[in-house]
Amino acid sequence: MTKQEKAKNLRWKKAILAEFNLDSIQEELYDISCECDEVRWIVDGEEAALIDALDGDEEEAFELRMAFSDLSGECEQLNDLLRNEYICEFFDDFLAGISEGSGMRMVGYDTFEEDYYGLTSYEGRNGCQEAKKRLERLTKAELLSAANQVFRVVVCFLNIRYKYDYLKASFDVLKGENTAFLDIIRQIEKEYDDACDDWNAVRKFDALVSALPDRVWVE
């Protein structure tokens, strides 16, 4: 048997949940943080535009800005928690070990390919048992500590995901309306630079400026 074949047959030795593991959580936290920062950047200094996007509701605009800030802060706090080596060492084993019978899909690490691949149901059950064996090497105190840390991460993450899903509709509205507005501004800036060097571009610049909504001149 070649090293490649042996590694393939032993993928279940290091099995983790496919959709709920340390790496996937960190990636999702990063995406949510980027989304928050993008929306905060869009509305930063454009509070009037934010209020307009919310049909003039100033109180809702303030609450939404605070929600963006709070969610970004929670992502940062959880990322700091995930840098704890103790959590990183036992997180995936703990969730894999208690997942038997849950129907959750599992993947296993291939030491030859240096990547994760899907496991069959049989391999997944073996992976659960292997994770349990590693956890059984801990003392009771260590196991309780690991459980406390893992569930703390899970609760915090699910809370962040819930808040993000709740706010996503607002994200989409704000990004759609304000990003379009900022794109127009950037295009006008480009046409202005072109107009300074080419008098033929002045007409295009004037047309873009004329197309701006009245609120731009008021603000």
Side-chain angles (χ1 to χ4, degrees), residues 1-38 67-68 70-168 171:
M1 183 180 293
T2 65
K3 289 183 178 180
Q4 185 174 6
E5 291 172 332
K6 185 176 180 180
K8 182 178 180 180
N9 291 333
L10 293 176
R11 287 173 181 173
W12 57 270
K13 283 282 188 178
K14 187 61 177 176
I16 62 175
L17 298 185
E19 281 86 24
F20 205 83
N21 57 70
L22 197 60
D23 284 343
S24 68
I25 287 176
Q26 290 173 320
E27 288 177 8
E28 191 168 340
L29 280 176
Y30 176 77
D31 290 340
I32 292 174
S33 294
C34 289
E35 190 84 15
C36 287
D37 292 340
E38 183 178 352
F68 294 152
D70 290 346
L71 189 55
S72 180
E74 288 181 33
C75 288
E76 186 175 347
Q77 289 177 359
L78 185 50
N79 269 319
D80 289 341
L81 185 61
L82 292 178
R83 294 189 183 97
N84 184 311
E85 292 182 4
Y86 191 74
I87 292 176
C88 295
E89 184 177 0
F90 298 111
F91 187 87
D92 288 331
D93 274 346
F94 195 92
L95 292 183
I98 65 174
S99 68
E100 189 171 9
S102 67
M104 298 184 73
R105 191 167 66 91
M106 300 193 71
V107 294
Y109 187 73
D110 189 309
T111 56
F112 186 86
E113 301 291 346
E114 296 185 342
D115 202 357
Y116 283 94
Y117 294 86
L119 298 176
T120 65
S121 297
Y122 174 75
E123 290 172 328
R125 287 193 294 272
N126 286 343
C128 287
Q129 293 302 318
E130 191 69 15
K132 286 180 181 178
K133 288 179 182 178
R134 288 192 288 270
L135 293 173
E136 287 170 356
R137 298 176 192 142
L138 302 176
T139 66
K140 289 182 180 179
E142 289 172 336
L143 187 60
L144 287 172
S145 178
N148 177 272
Q149 296 288 348
V150 169
F151 282 117
R152 181 182 173 191
V153 169
V154 170
V155 169
C156 289
F157 174 70
L158 291 179
N159 185 48
I160 288 172
R161 180 188 275 177
Y162 169 79
K163 290 181 179 179
Y164 171 73
D165 290 341
Y166 180 78
L167 290 170
K168 194 172 188 311
F171 286 169

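Values below: every heavy atom of this structure, side chains too, minus hydrogens, waters and symmetry copies.
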Minimum-distance pair of heavy atoms, taken over all atoms of R11 and Y117: NH1-CB, 3.3 Å

Between W12 and E123, which heavy-atom pair has the shortest distance, and what is it? CB-O, 3.4 Å

For A96 and A131, work out which heavy atoms get closest and say how close. CB-CB, 4.0 Å

More than 12 non-hydrogen atoms from neighbouring residues, nucleotides or ligands closer than 6.0 Å to CD on E76, yes or no? no

If we ignore hydrogens and angles and just use 3.5 Å, is the side chain of N148 paired with the main-chain N or O of L144 as donor and acceptor? no

Quick one: are E74 and N159 in side-chain contact, heavy atoms under 4.5 Å? yes

So how far is it from C128 SG to M104 CE, rounded to the nearest 0.5 Å? 10.5 Å

Could you state the interatomic distance from CG (D110) to NZ (K6), rounded to the nearest 0.5 Å? 13.0 Å

If I take atom CZ from residue F112 and atom NZ from residue K3, how far apart are they, to the nearest 0.5 angstrom? 8.5 Å

Flag the pair K8 / E5 as yes when at least one side-chain heavy-atom distance between them is below 4.5 Å, and no otherwise. no

Separation between CZ (R105) and CD1 (I16), nearest 0.5 Å, reads 10.5 Å

Please report the interatomic distance SG(C75) to CG(L71), rounded to the nearest 0.5 Å. 4.5 Å

Under 3.5 Å, side chain of S72 to main-chain N/O of F68, donor-acceptor pair present? no

Under the salt bridge (charged side-chain N to carboxylate O under 4.0 Å, His left out) rule, collect the residues that match up with D93, sequence neighbours excluded. K14, R134

Partners passing ring pair (Phe, Tyr, Trp, His ring centres under 6.0 Å) against Y116 (at least two apart in sequence or in another chain): Y109

Contact summary for F91 and N21, nearest pair of heavy atoms: CE2-C, 4.2 Å

What's the separation between atom CD1 in I160 and atom CG in D165, rounded to the nearest 0.5 Å? 12.0 Å

For a side chain to side chain contact (heavy atoms under 4.5 Å, CB included) check, start with the C-alpha distance between V153 and L78, then their side-chain angles and the critical distance, and finish with the verdict. CA-CA 7 Å; V153 169; L78 185 50; 4.2 Å; yes

Which heavy atom of G97 sits nearest a heavy atom of K132, and at what distance? O-CE, 2.9 Å

Side chain to side chain contact (heavy atoms under 4.5 Å, CB included) assessment of L81 paired with F157: CA-CA 11 Å; L81 185 61; F157 174 70; over 6 Å; no

Could you check N9 against M1 for side chain to side chain contact (heavy atoms under 4.5 Å, CB included), going step by step and ending with a plain yes or no? CA-CA 10 Å; N9 291 333; M1 183 180 293; 3.5 Å; yes

With a 3.5 Å distance limit and no angle check, can you tell me whether S145 reaches the backbone of E142 through a side-chain donor-acceptor pair? no

What one should report as the nearest heavy-atom pair of L95 and V150 is CD2-CG1, 4.0 Å

